There are 2 protein chains.
Amino acid sequence: MTGPLPENPDRGDKREAILDAALTLFAERGFHGTAVPLVAERAKVGAGTIYRYFENKEALVNAVYRKWKHAFTAAVVETFPFDAPVREQFHALWTRIFGFANDHPTALQFIELHHHAAYLDAESRALEEQSLAPARALLDETRRQQITKDVPSAVLIHIVWGAFTRLVKAAAEGQITLDAETLDQAENCLWEAVRR
Amino acid sequence: MTGPLPENPDRGDKREAILDAALTLFAERGFHGTAVPLVAERAKVGAGTIYRYFENKEALVNAVYRKWKHAFTAAVVETFPFDAPVREQFHALWTRIFGFANDHPTALQFIELHHHAAYLDAESRALEEQSLAPARALLDETRRQQITKDVPSAVLIHIVWGAFTRLVKAAAEGQITLDAETLDQAENCLWEAVRR
DNA sequence: CTCCGAGGAATGAATGTTCGTTCCGTTCAA
DNA sequence: TTGAACGGAACGAACATTCATTCCTCGGAG
């Protein structure tokens, strides 16, 4: 699943070095725009070494995708206040998602860029669904309670997530600055977008 | 600018065939993932012919980008009711943008995919700014009139545009269906996101 | 404690393939 | 007949991947 592992466990950091280099380069230049030897150079590793850890370039991009999609899901779900009032849950969701974007901007850029790409395999695709499950559950529940609008929760999710990722991208490009106040204002905008 | 043109004006449709093929392939597989000979094949044209019309692959992608960015801007601005009440202007904006997405789904996908890409030249970059100028003007004005929230108009634009493109992409992938009612609901969501 | 040799890990030059681009013989319109 | 337009074979560069070789680690013999 994770590719062949070297038998000496001390050297597992090579794998991480490769994953890190691949994350950055794939995020910046895309899958087809990134040459494998370039990944090797950035990871300070021989080109052939990559193939000791990953079957091929496609397996590598899938490994990067899964690693960070899992990290994202974990960051959102961990210690999530599932029993708090819904407005508070929305705030928690927003805060965690942005916290992740702040801690790992390259990872979010990578995830967005490779969303639904042709070279992602079935297992990676399945993770795409899974990662937004808490949001879907929340919005389904709030709709039932007539707190949010009578609109399919999938539509609301795409509105919030689409707006969010765009804001992050714009911030990364320096078009806007996402300080605490702006972030709060944006959260408020989107709550009003979804609330009844 | 537009590359060398054949001197016989009758044959200008070859250029269009190339642009059309390039639009579809670049939208589906990205810039680096699309081979020039493949574009030629789809355009039913010899590989060499492409280079009679475009200096190189980069010039081609820029030409596609400009063509459709112009078309998009035109579709939005044409007969726009600049003097209508602001809520109506917002509706007009929403309707026109979605009308474009509906008429030319591949073009919108292409534009989104190549947004701020490294291989776009300065002139193409300039068009990115220009195309959302009407929206910016509208949101600046409504903020002055205290109709929309006291949030930088750039932030509001990214919220609306981000939500919109995500909805279109989700619809293209079959995750949601954007019928007239859903579209109306979504417009309402985003108006409430921006209005005071 | 030192040295040796076995075997897995790592390497990067070599390989076959695919790409962007060019070149040139052919076709077509006038 | 002539010159522009065209197609597609051909070319060098760049790519993903392989593999013969080197490096490193460590167990055990002396």
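In the text below, chain A, chain B and the rest are named by the order of the sequence lines, each starting its count at 1. Predicted model only: the values in this text are computed from it and were never measured.
Taking atom CD1 of I50(A) as the reference point, atom C1' of dC15(D) lies 13 Å away to the nearest angstrom. For the pair K14(B) NZ and dA4(D) C1', the computed distance is 12 Å after rounding to whole Å. Taking atom CG of L60(A) as the reference point, atom P of dA16(D) lies 11 Å away to the nearest angstrom. Going from atom CD1 of I18(B) over to atom C1' of dG8(D) covers 14 Å, rounded to whole Å. For the pair R52(B) CZ and dC6(D) P, the computed distance is 7 Å after rounding to whole Å. Between K44(A) atom NZ and dG12(C) atom C1' there is a gap of 18 Å when expressed in whole angstrom units.
Shown here are the side chain to side chain contact (heavy atoms under 4.5 Å, CB included) partners of L138(A), two or more places apart in sequence or in another chain: V86(A), Q89(A), L93(A), T142(A). D150(A) is linked by a salt bridge (charged side-chain N to carboxylate O under 4.0 Å, His left out) to R143(A), counting only residues two or more places apart in sequence or in another chain. Checked against side chain to side chain contact (heavy atoms under 4.5 Å, CB included), A71(A) has the following partners two or more places apart in sequence or in another chain: W68(A), F100(A). Residues satisfying the salt bridge (charged side-chain N to carboxylate O under 4.0 Å, His left out) criterion with E28(A), sequence neighbours excluded, are absent altogether. The salt bridge (charged side-chain N to carboxylate O under 4.0 Å, His left out) check on K69(A) picks up nothing, with sequence neighbours excluded.
Counting only residues at least two apart or on different chains, the ring-ring contact (aromatic ring centres under 6.0 Å, His included) pairs with a member in residues 172-196 of chain B are F90(B)-W191(B). Listed by first and then second residue, the ring-ring contact (aromatic ring centres under 6.0 Å, His included) pairs involving residues 135-155 of chain A amount to none (not counting sequence neighbours).
Of the residues in residues 19-43 of chain A, those lying under 4.0 Å from DNA chain D by heavy-atom distance are T34(A), A35(A), V36(A), P37(A).
A sub-4.0 Å separation between OP1 or OP2 of dT17(D) and a side-chain N or O of K57(A) is absent.
Taking a cutoff of 4.0 Å between a charged side-chain nitrogen and a carboxylate oxygen, E16(B) and K67(B) qualify as a salt bridge.
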Considering only nitrogen or oxygen atoms on both sides, find all protein atoms under 3.5 Å from nucleotides 22-27 of chain C and state each distance.
none

